[in-house]
Every structure is written in structure tokens, then in C-alpha cells.
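Following: one structure in C-alpha cells, then a few remarks.
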Amino acid sequence: MSEPPVQANLERNHLELLLRASRMLNSSLDLQQVLDTLMSQAVEVLGAERGLILMREEGDNQWVPRSARSLNVETIVSDGFRFSRGVVD
């Protein structure tokens with residue numbers, strides 16, 4: 001039985017995102033560039049209002065925002081940037 005067109009399109013978009021992510025990871029040594037590109041693509045493909053990548057600092061237990069985007073592709077990380085820690089912690 002075939003999938004509904006909307007579901008099939010969504011799955012294709014997700015697979016395309018994974019393929020682009022894989023290519024990006026293999027093409028750049030600049031971690032920040034990779035994170036920013038992946039975040040922008042994920043927000044676009046998933047239709048999210050915003051996205052955030054958190055990473056733990058080496059030797060620390062603190063989550064630090066490394067890349068964040070709003071739907072209009074502007075970077076939303078700044079010194080005053082706050083995010084909910086409920087899901088993270």
C-alpha cells in the first residue's frame with residue numbers, strides 16, 4: 001500500500017536533509033560552519049519556527065548554545081540569549 005502524498009513528501013525532505021548533512025560533515029573541518037549549515041537546513045526542511053544545537057563544554061557539565069536560528073535565518077545566539085533548560089536538564 002502506498003503512503004499518502006504529504007507523508008511521502010515529508011519523508012523525502014527528511015532524507016534529503018540527512019543526505020545534505022552527511023555531505024556537509026564530510027566536506028568541512030570548521031565545526032561552527034557545519035553546525036550553522038545543519039541548523040539552517042533543519043529549520044527549513046522541518047518548517048520549524050526556530051532551532052537550537054546545544055553542546056557540552058569540554059570538562060564541564062554545562063550545555064552551551066552553539067548554533068541557533070529563527071525561521072527567517074537570523075542567528076539568535078547572543079550574550080543575552082536564554083533558552084528553556086527543562087528539556088535539556
Side-chain angles (χ1 to χ4, degrees):
M1 189 168 219
S2 66
E3 296 180 49
V6 173
Q7 181 68 25
N9 190 37
L10 185 60
E11 287 182 13
R12 188 182 78 241
N13 286 344
H14 290 173
L15 290 173
E16 287 174 4
L17 173 62
L18 289 173
L19 179 60
R20 288 193 309 240
S22 176
R23 287 181 180 152
M24 172 56 76
L25 289 170
N26 289 313
S27 69
S28 176
L29 296 176
D30 181 356
L31 177 60
Q32 192 60 53
Q33 178 187 5
V34 170
L35 294 175
D36 289 343
T37 301
L38 292 176
M39 178 53 53
S40 294
Q41 290 177 357
V43 167
E44 177 187 336
V45 168
L46 299 173
E49 290 181 18
R50 59 189 168 269
L52 175 67
I53 295 176
L54 299 171
M55 295 179 72
R56 286 194 188 261
E57 284 293 313
E58 197 171 317
D60 193 354
N61 211 18
Q62 290 289 329
W63 289 101
V64 176
R66 291 296 305 266
S67 183
R69 293 285 185 271
S70 62
L71 187 58
N72 61 2
V73 192
E74 71 184 47
T75 301
I76 57 177
V77 174
S78 67
D79 290 339
F81 179 69
R82 295 214 178 272
F83 60 93
S84 172
R85 295 190 178 269
V87 173
V88 176
D89 295 334

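Only heavy atoms go into these numbers, but all of them, side chains included; no hydrogens, no water, no symmetry mates. Because the structure is predicted, anything quoted here is derived from the model rather than measured.
- With sequence neighbours left out, I53 forms a side-chain contact (heavy atoms from CB on, under 4.5 Å) with L35, M39, M55, S67.
- Using a 4.5 Å cut-off on side-chain heavy atoms (C-beta onward), L18 and H14 make no contact.
- Under the rule for a side-chain contact (heavy atoms from CB on, under 4.5 Å), E58 has no partner lying at least two apart in sequence or in another chain.
- Pairing each heavy atom of V43 with each of G51, the nearest pair is CG2-N, 3.7 Å.
- Judged as a salt bridge (charged side-chain N to carboxylate O under 4.0 Å, His left out), and not counting sequence neighbours, R23 has no contacts.
- Sequence neighbours left out, the pairs with a member in residues 12-21 that pass salt bridge (Lys or Arg N to Asp or Glu O under 4.0 Å) are R12-E16.
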- [ ] Quick one: do Q32 and R66 satisfy side chain to side chain contact (heavy atoms under 4.5 Å, CB included)? Show the steps, please.
- [x] CA-CA 8 Å; Q32 192 60 53; R66 291 296 305 266; 3.4 Å; yes
Open item on the list: Under the criterion side chain to side chain contact (heavy atoms under 4.5 Å, CB included), I'd like the reasoning laid out for L15 against N13: C-alpha separation, chi angles, the key distance, then a yes or no.
Closed with: CA-CA 5 Å; L15 290 173; N13 286 344; over 6 Å; no
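- Counting heavy atoms from C-beta outward, L52 and R69 have side chains that stay 4.5 Å or more apart.
- For N26, the side-chain contact (heavy atoms from CB on, under 4.5 Å) partners two or more places apart in sequence, or in a different chain, are S22.
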